[in-house]
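Order of listing sets the numbers, starting from 1, for every ligand and every atom in it. Numbers for residues simply follow the sequence, beginning at 1.
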Amino acid sequence: MFDMTERAQRYRDDLLAFMDEHVYPAEAVYEAQMVESGDPHFQPPIVEELKTEAKKRGLWNLFHPHPQWGPGLTNLEYAPLAEIMGRSAHLAPEATNCAAPDTGNMEVLTLFGTPEHQEQWLRPLLDGEIRSAFAMTEPAVASSDATNIQLRMDRDGDDYVLNGRKWWTSNALHKNCKVLIVMGKTDTSAPTHRQQSMMVVPIDAPGVTVQRGLPVFGYQDREGHAEVLFENVRVPKTALLAGEGDGFMISQARLGPGRIHHCMRAIGMAERALDLMIDRAQSRTTFGEPVANRANIQDWIAESRIEIDMARLLTLKAAHLMDTVGNKAARTEIAAIKVAAPNVALKVVDRAIQVHGGAGVSEDFPLAGMYAHLRTLRLADGPDEVHKRSIAQWELRRRDPNWGKRG
Ligand SMILES: Cc1cc2nc3c(=O)[nH]c(=O)nc-3n(C[C@H](O)[C@H](O)[C@H](O)COP(=O)(O)OP(=O)(O)OC[C@H]3O[C@@H](n4cnc5c(N)ncnc54)[C@H](O)[C@@H]3O)c2cc1C
């Protein structure tokens with residue numbers, strides 16, 4: 001059912017070669033350069049070298065669905081490529097210009113940006129010269145319900161004036177981050193889902209302060225998850241994406257493809273963790289037997305294979321539906337994979353950590369870092385519970401179309 005097209009197969013072969021010849025060997029160099037810099041947000045030269053090499057090999061912007069800007073792969077064609085990139089999540093997505101949150105932001109600028117936005121921001125993003133961030137979540141309100149957000153975007157003559165506080169703005173501490181896509185409220189008297197708008201805000205606009213990077217389980221991710229203060233930030237009215245009140249509509253358009261990319265990368269991480277688990281179990285002996293001979297370890301290996309393949313099939317089904325009937329009609333499957341893939345990957349990584357013993361939680365192996373990252377995926381882009389709520393509502397209405405609508 002999910003046969004690869006010829007061009008997807010070609011990209012897959014090229015990407016696998018790039019991973020073997022450049023990305024995996026670069027991992028140790030990357031670690032060394034980061035340690036030597038002493039700066040968690042340092043941009044190590046090895047990443048720029050990988051970007052140059054990926055570009056040369058035509059492995060660039062593979063995510064972009066619009067042929068004008070990228071190779072124009074379908075979601076189903078891109079999904080296996082994202083999985084391969086997920087195996088080296090610190091390096092491969094950025095090396096190929098397929099990293100979150102830029103991919104989502106580039107799609108937003110493609111679909112809703114003015115020609116000026118596209119020239120000033122989209123083009124350098126597509127060229128890998130700058131990075132971007134997406135600022136929706138706020139510390140003061142439960143942001144998994146985006147109607148709660150409070151940042152004000154008040155019209156003043158030909159400008160808007162922004163006031164508010166965001167956090168978990170991923171990428172805002174990346175050395176190349178130049179632009180933020182910000183969600184706020186332009187009209188608090190409009191209907192609930194028409195109060196929000198999105199604007200393009202340069203990160204160095206007067207009044208924007210990146211206050212701190214939030215660590216994740218003690219890790220300061222290189223791209224950073226920032227708390228950002230907006231104090232009387234003045235932007236021209238042309239900063240608006242689409243129209244006033246379209247913020248909710250844009251965020252829905254943005255999150256579908258972004259979610260599937262996260263899920264495929266999570267599956268790639270799970271595959272790598274399973275490889276590590278098997279290698280470790282085969283190479284260590286206790287009580288006269290390789291660890292791999294124990295029944296419980298074999299159970300973990302088998303269960304991991306079953307669960308990874310189930311998550312992959314569900315993700316490919318979602319990708320196929322996005323391509324054939326559209327993101328809206330595929331929303332149940334998109335919500336389902338957003339719950340399934342990170343949870344499966346977490347389980348596999350957890351088993352791999354256990355098989356590694358103390359080494360599993362050390363930084364000598366990538367497992368602890370993978371665990372920390374995957375755990376955040378159960379929250380980022382919507383917590384599990386919110387996606388399950390949506391799935392349950394659709395299921396309930398499948399049996400009773402008026403469920404929950406009665407007064
Ligand atoms: C590493 C990381 C990166 C992130 N990157 C970004 C980013 O780049 N840009 C950005 O804007 N945001 C980002 N986020 C924020 C993320 O999207 C939010 O944390 C998430 O949407 C949840 O919002 P909240 O933290 O306000 O939790 P809240 O809305 O306060 O929810 C807290 C908890 O309440 C429960 N809950 C909520 N609703 C329901 C319900 N209907 N039923 C049952 N339980 C429910 C859930 O368990 C949920 O986890 C990131 C978060 C992390 C951890």
With sequence neighbours left out, the residues meeting side chain to side chain donor-acceptor pair (under 3.5 Å) with Thr147 are Asp145
Is Lys338 salt-bridged to Asp384, cutoff N-O under 4.0 Å? no
Do NZ/NE/NH1/NH2 and the carboxylate oxygens of Arg165 and Glu227 come within less than 4.0 Å? yes
Give me the pairs of N or O atoms, one from ligand 1 and one from the protein, that sit under 3.5 Å apart.
residue, atom, partner, partner atom, Å
ligand 1, 5 (N), Trp168, O, 3.1
ligand 1, 5 (N), Ser170, OG, 2.8
ligand 1, 8 (O), Trp168, O, 3.3
ligand 1, 8 (O), Ser170, N, 3.1
ligand 1, 8 (O), Ser170, OG, 3.3
ligand 1, 9 (N), Phe134, O, 2.8
ligand 1, 9 (N), Trp168, O, 3.2
ligand 1, 11 (O), Met136, N, 2.8
ligand 1, 11 (O), Thr137, N, 2.8
ligand 1, 11 (O), Thr137, OG1, 3.1
ligand 1, 12 (N), Thr137, OG1, 2.7
ligand 1, 23 (O), Ser144, N, 3.3
ligand 1, 26 (O), Ser143, N, 2.8
ligand 1, 29 (O), Ser143, N, 3.2
ligand 1, 29 (O), Ser144, N, 3.0
ligand 1, 29 (O), Ser144, OG, 2.5
ligand 1, 47 (O), Glu385, OE1, 2.9

Glu48 and Gln43: side chain donor to acceptor below 3.5 Å: yes
Tell me whether Lys55 is salt-bridged to Asp127, with the criterion being a basic N under 4.0 Å from an acidic carboxylate O. no
Would you call Arg284 and Asp279 a salt bridge, taking side-chain N to carboxylate O under 4.0 Å as the test? no
